[in-house]
Colleague: 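I'd like to ask some things about the structure below.
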Amino acid sequence: MKRLSTLLFVGLLFALIVSACAAPAAPASQPAAPAEPAAAEATSPAPAEAQEFVTWYQYDENNEDPASDERVGNEYLRDTIPVFNEAFAGKWHWVNQPKAWDKMAAELVAAVQAGADVPDLFEGGSGQVSLFYKNGVMQDLTEWASAQPWYADMDPNALLGCTGPDGGLYCIPVAQRPHLVYVWKDRFPNGFPKTPEEFLVEAERLKGEGLYAVTFFGSTAFDGEGLTRAVWTTIASFGGNLDDGQGNMTLNTPENVAAVEFLRTLVQSGYVPEIAFAGGFQEENAFKDASAAAFPTGLFGYRYVNPLTAPNGTEYSKGNQEDMLDAIEAGDVMLSPFVAPEGMTPGCGVEVSGFAIPVGAKNPEGAKAYIDWIMTDAAQNSDWVLRPGGGFPTLKTTQASADFQTPFYQEAAEVLSQSACRSWYGSMDRKAEAQKLAMGAIYKVIKEDPTADIATELQAAQDEYNAGN
């Protein structure tokens, strides 16, 4: 006891070490003896346990069905989750909770408003910014993102897609998904038409050969999702808009009426296959078998349109995204801007995809670590864009990498340089309602009741939406 008292007098830390080792004390006039290695090990803290980092992706790593429409994203998660967990061992452990692509945004809004559990990271993009901003769902990442070294390398247009009405950055864009036209080259020996008038001439020729000029998402399936694809591409190419910049719908305009009239002519003249209106993405089948010569859709559509049979009989039948890429490399499929009236620039839709951090996330630092990993590691950035991203990189250095110098990306870049792409919804924040109302009105006049007055039906849908403002 006397010796222990002496040690306490020298210092509390050495007293604990000496008592644990039962080692003889040093004389009061001498420095205390250093701790034995065993004593040091006994007092070292246990390794930290990794915290769960939870994501909501529309992909499911446990779905190994090779025929799944989302097999590319499923495979990405299956490959990448273990890599991330190894890279961040002892810090973060990635857990994904797969969600239905057409329901996950609404589910997240409901969870935030109810104070329920939310993910640390949400895989989404520009399409949800207005909805999430209005409902206070996402964190403003401006301060954090702008301090990261990769921020200055980002395409400014991509950042605009994630910017809210207040100027805040509510998602981190990783890939840009513009729209264009996939074309069977042999169906248009003189090249894809540039104007609506030229297109109608070619469409009549193809009809005489027992073929269709174009197939597109023409149904009202998925609450009017078709509006966002060929329908908006047509409206944008005719110089139309769906909003006034102040949150109001402007469906009934001369430009929009002319665009819808063009679509009605295509449908009623027999230039579009009936399957275009079947829903369930069945419109793709007419391009797969080359019975339809062209297919306006999103750039990422190449992942789903397979297998393919070219007009010359060549079969691309791996049953995966390589089918379309191989057909483009072989020169059977080419990419093109849509038609536009004389003197106008072809239009198209565009969205950015990436990540957001919800309000109420338990481990937002895990989400930031993941985002930083994707944006800093060149291989991971390319891989995300090529697989779940399905578009062009938002990082300029990644755009210039070898992965994006293939015929597909080179042709797509050329097409986009000739197009004016913009989001269809503009300032409208009730996106789901707007798309359902507009597509319903357009479907009625081009397919269901082709004698209906286009302006009248568009005005009715416009009035119904604006009544809710």
Side-chain angles (χ1 to χ4, degrees), residues 178-221 225-238 240 258-299 301-302 304-305 308-311 324 327-328 332-341 344 346-349 411-412 415 418-419 424 439 442-443 445-447 450:
H179 287 220
L180 40 66
V181 187
Y182 289 85
V183 180
W184 285 115
K185 190 174 183 178
D186 286 354
R187 297 297 192 221
F188 295 97
N190 297 318
F192 191 72
K194 296 187 180 299
T195 67
E197 293 78 14
E198 292 172 359
F199 189 84
L200 292 176
V201 171
E202 291 294 284
E204 185 63 25
R205 174 185 61 80
L206 288 165
K207 182 180 179 181
E209 299 174 11
L211 300 167
Y212 300 102
V214 63
T215 185
F216 66 95
F217 190 149
S219 75
T220 58
E225 177 73 17
L227 176 75
T228 72
R229 305 187 186 210
V231 172
W232 167 244
T233 292
T234 306
I235 289 173
S237 294
F238 275 72
V260 175
E261 180 65 47
F262 175 67
L263 289 173
R264 180 156 74 178
T265 298
L266 294 179
V267 173
Q268 295 305 311
S269 299
Y271 303 149
V272 179
E274 190 64 28
I275 201 171
F277 306 97
F281 302 111
Q282 294 183 70
E283 71 280 354
E284 298 169 355
N285 294 337
F287 189 80
K288 292 176 187 178
D289 63 16
S291 59
F295 181 36
T297 190
L299 177 74
Y302 76 90
Y304 307 103
V305 185
L308 297 164
T309 302
M324 181 66 80
I328 292 170
D332 284 331
V333 171
M334 63 181 183
L335 306 180
S336 174
F338 196 60
V339 299
M344 302 194 71
C348 61
E411 281 195 40
V415 169
Q418 303 170 37
S419 307
W424 68 268
M439 190 63 196
I442 293 168
Y443 176 83
V445 298
I446 69 174
K447 177 64 177 171

Colleague: Hey, is the main chain of P311 close enough, under 3.5 Å, to the side chain of R187 for a donor-acceptor pair?
Modeller: no
Colleague: Do V260 and F238 make a side-chain contact, defined as non-hydrogen atoms from C-beta onward lying under 4.5 Å apart?
Modeller: no
Colleague: Atom CZ in F287, atom OG1 in T215: separation rounded to 0.5 Å?
Modeller: 10.0 Å
Colleague: Hey, what do you get for CZ (R229) to OG1 (T233), rounding to the nearest 0.5 Å?
Modeller: 10.5 Å
Colleague: Just so I know, are the side chains of L180 and Y182 near enough to count as touching, which here means a heavy-atom distance under 4.5 Å?
Modeller: yes
Colleague: I need the minimum non-hydrogen distance between P193 and V339, along with the two atoms involved.
Modeller: O-CG1, 3.4 Å
Colleague: List the atom of F188, the atom of A213, and the distance in Å for their closest heavy-atom pair.
Modeller: CZ-O, 4.2 Å
Colleague: Do the side chains of Y304 and T297 get nearer than 4.5 Å, heavy atoms only?
Modeller: no
Colleague: Is the number of heavy atoms from other residues, nucleotides or ligands under 6.0 Å of K288 NZ greater than 12?
Modeller: yes
Colleague: Kindly give the heavy-atom pair with the smallest separation between E283 and F216, and that separation in Å.
Modeller: CB-O, 3.4 Å
Colleague: So does G279 get a backbone contact from the side chain of Q282, meaning a donor-acceptor N/O pair under 3.5 Å?
Modeller: yes
Colleague: Which pair of heavy atoms, one from V415 and one from P337, lies closest together, and at what distance?
Modeller: CG1-N, 3.5 Å
Colleague: Determine yes or no for a side-chain-to-main-chain donor-acceptor pair under 3.5 angstrom, with S237 supplying the side chain and G347 the backbone.
Modeller: yes
Colleague: Quick one: are I328 and M324 in side-chain contact, heavy atoms under 4.5 Å?
Modeller: yes
Colleague: For the residue pair Y271 and V214, establish whether any side-chain heavy-atom pair is separated by less than 4.5 Å.
Modeller: no
Colleague: Is any NZ, NE, NH1 or NH2 atom of the basic residue among K207 and E204 found under 4.0 Å from an Asp or Glu carboxylate oxygen of the other?
Modeller: no
Colleague: Keeping S336 on the side-chain end and V181 on the backbone end, is there a donor-acceptor pair under 3.5 Å?
Modeller: no
Colleague: Under a 4.5 Å cut-off applied to non-hydrogen side-chain atoms, are L266 and F199 in contact?
Modeller: yes
Colleague: Closest heavy-atom contact between C348 and S419?
Modeller: SG-CB, 4.1 Å
Colleague: Mind checking whether W184 and F295 have ring centres under 6.0 Å apart?
Modeller: no
Colleague: Considering all heavy atoms of both residues, which atom of L308 and which atom of A327 are nearest to each other, and what is their separation?
Modeller: CD1-CB, 4.1 Å
Colleague: Find out whether V231 and F217 are in side-chain contact, i.e. whether some heavy atom of one side chain is under 4.5 Å from a heavy atom of the other.
Modeller: no
